[in-house]
Amino acid sequence: MLRYFVGACVLACAVAPTFAGPPTIHDESANGPMRFEWRREGPMQACATECRVWISASGYMTADTPREFEAFAKDPNARGAVLVLDSNGGSVLDTLVLGRAIRNLNMVTTVGKTRPLQPTSDGDRRTMLSPNGNCESMCVFLLLAGSRRYVPPQAHVLVQQIWLGKKRKQAQHLNYSAEEFSIVQRDIGRLSQYTIEMGGTGELLETALRIPPWAPLHRLSVDELQRMRLSTIDAPFEHFVPGTAPAATATRATIGSLGAPPATYK
């Protein structure tokens, strides 16, 4: 682990002349600020009493995310629940706070897209869980927060360097101050500590730091996901007990207001 950490710091120093960047939204219609919602599987005729329940976490992390999640998680059913991630990243420090809250609740994390079904005649709103979700940049470290973690083969888990938010779009053409360099170094250290705390490996951070913001994100292979301990179980609902979670419409929290992402790291 120490070898990987030292390597990460060396990589960070090597890119000092061209430092910086924020969350880039690839699909604004699908990825506003993160929203947490209880969802129940359907159609009811197909799953009957075995319909699964999960928490959908979709969108990018903002400064409001930890506080809003804390309010959402006051529901006692959140403890040990399955958290389905579909996110393109967000603020580094806020992700670390959110990740520790998720770990404290002993949650199972996975990646997927929650797709709504047509409501029934009695107003029952069910959903389907698709494995074709995306978990990018800081979302990968949020995935690591689960006490148990599962990544379906169809999911896209992608890593990239953290970068100063306001300078990401022109990362190769801007100048950076010593203070900005110091901020990034500080946050790499915090991210390293968090990765160890969550039971991850130094290889995860080292791999992310190889990919600059002007390069395509690196999709982690099945082998990498297992080596980096991002996928540790064979099925996310293996501990699910029918009837222990609330109805899909029982609780809802919307994190942040719609609009452009804040100038933070990704």
Side-chain angles (χ1 to χ4, degrees), residues 20-39 54-79 81-114 116 133-146 158 160-169 180 183-184 186-188 190-191 193-195 197-198 213 246 248-266:
T24 299
I25 302 307
H26 302 294
D27 181 359
E28 292 184 348
S29 65
N31 286 296
M34 185 171 278
R35 297 171 59 170
F36 297 101
E37 298 176 302
W38 281 108
R39 294 298 194 180
W54 62 90
I55 298 171
S56 169
S58 177
Y60 56 82
M61 279 78 73
T62 75
D64 293 325
T65 303
R67 174 179 54 81
E68 295 291 344
F69 179 77
E70 181 182 4
F72 179 90
K74 288 181 179 179
D75 184 338
N77 290 284
R79 179 166 294 279
V82 175
L83 184 71
V84 179
L85 300 169
D86 187 30
S87 171
N88 56 7
S91 164
V92 170
L93 298 184
D94 295 308
T95 298
L96 303 189
V97 174
L98 178 59
R100 290 186 170 104
I102 290 170
R103 177 58 63 89
N104 286 338
L105 288 170
N106 196 32
M107 289 180 141
V108 177
T109 52
T110 187
V111 181
K113 284 187 180 294
T114 300
N134 290 340
C135 187
E136 303 178 11
S137 299
M138 285 309 299
C139 175
V140 179
F141 293 90
L142 202 59
L143 172 66
L144 188 63
L158 306 107
Q160 192 178 51
Q161 289 176 357
I162 64 173
W163 208 258
L164 292 172
K166 293 181 179 180
K167 296 184 175 181
R168 189 175 193 86
K169 290 184 178 180
E180 289 172 326
I183 289 171
V184 175
R186 178 202 65 188
D187 289 350
I188 288 174
R190 289 177 174 176
L191 196 55
Q193 180 182 6
Y194 170 91
T195 301
E197 180 184 330
M198 294 295 152
T249 56
T251 311
R252 172 171 175 164
T254 301
I255 295 182
S257 56
L258 294 177
T264 55
Y265 294 106
K266 184 177 180 182

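Residues passing the side chain to side chain donor-acceptor pair (under 3.5 Å) test with N106, sequence neighbours excluded: S147. R190 pairs by the side chain to side chain donor-acceptor pair (under 3.5 Å) definition with nothing, not counting sequence neighbours.
Scanning all heavy atoms of the two residues, the minimum distance from C135 to V111 falls at CB-CG2, 3.9 Å. Between R39 and S56, the closest heavy-atom pair is CG-CB, 4.0 Å. For the residue pair G89 and S137, the shortest heavy atom distance occurs at CA-CB, 4.4 Å. The minimum heavy-atom distance between A145 and G99, with the atom names listed, is CB-O, 3.2 Å. The heavy-atom pair separating A63 from D94 by the smallest distance is CA-OD2, 3.2 Å. Closest approach of S87 to G59, counting heavy atoms only: OG-O, 2.6 Å.
Contact of the L142 side chain with the T109 side chain is not registered, since no non-hydrogen atoms from C-beta on lie closer than 4.5 Å. Using a 4.5 Å heavy-atom threshold, the side chains of Q161 and P213 count as touching.
Interatomic distance, CE of M198 versus CG of L143, reported as 12.0 Å (0.5 Å rounding). Interatomic distance, CD1 of I102 versus CG of L144, reported as 10.5 Å (0.5 Å rounding). Between the CD atom in E37 and the OG1 atom in T114 there is a gap of 8.5 Å [rounded to 0.5 Å]. Here the OG-CG distance, from S58 to N88, works out to 9.0 Å after rounding to the nearest 0.5 Å.
Side chain of Y194 to backbone of T95: no donor-acceptor contact under 3.5 angstrom is found. A side-chain donor-acceptor contact under 3.5 Å links R79 to the backbone of N104. No donor-acceptor pair under 3.5 Å is formed between the side chain of N134 and the backbone N or O of D86.
Of the candidates V97, L105, I55, F69 forms a side chain to side chain contact (heavy atoms under 4.5 Å, CB included) with just one, namely L105.
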Stepwise side-chain hydrogen bond (donor to acceptor under 3.5 Å, both in side chains) test for T110 and W54: CA-CA 10 Å; T110 187; W54 62 90; over 6 Å; no
Just do the side chain to side chain contact (heavy atoms under 4.5 Å, CB included) check on L93 and D187 with the steps written out, would you? CA-CA 8 Å; L93 298 184; D187 289 350; 3.6 Å; yes
Please determine whether side chain to side chain contact (heavy atoms under 4.5 Å, CB included) holds for the pair T65 and Y60, giving the CA-CA distance in whole Å, both sets of side-chain angles, and the decisive distance to 0.1 Å. CA-CA 9 Å; T65 303; Y60 56 82; over 6 Å; no
Could you go step by step and tell me if L191 and L96 meet the side chain to side chain contact (heavy atoms under 4.5 Å, CB included) rule? CA-CA 8 Å; L191 196 55; L96 303 189; 3.6 Å; yes
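A donor atom on one side chain and an acceptor atom on the other are not found under 3.5 Å apart for N77 and W38.
Here salt bridge (charged side-chain N to carboxylate O under 4.0 Å, His left out) pairs that include residues 97-110, with residues two or more places apart or in two chains, are R100-E197.
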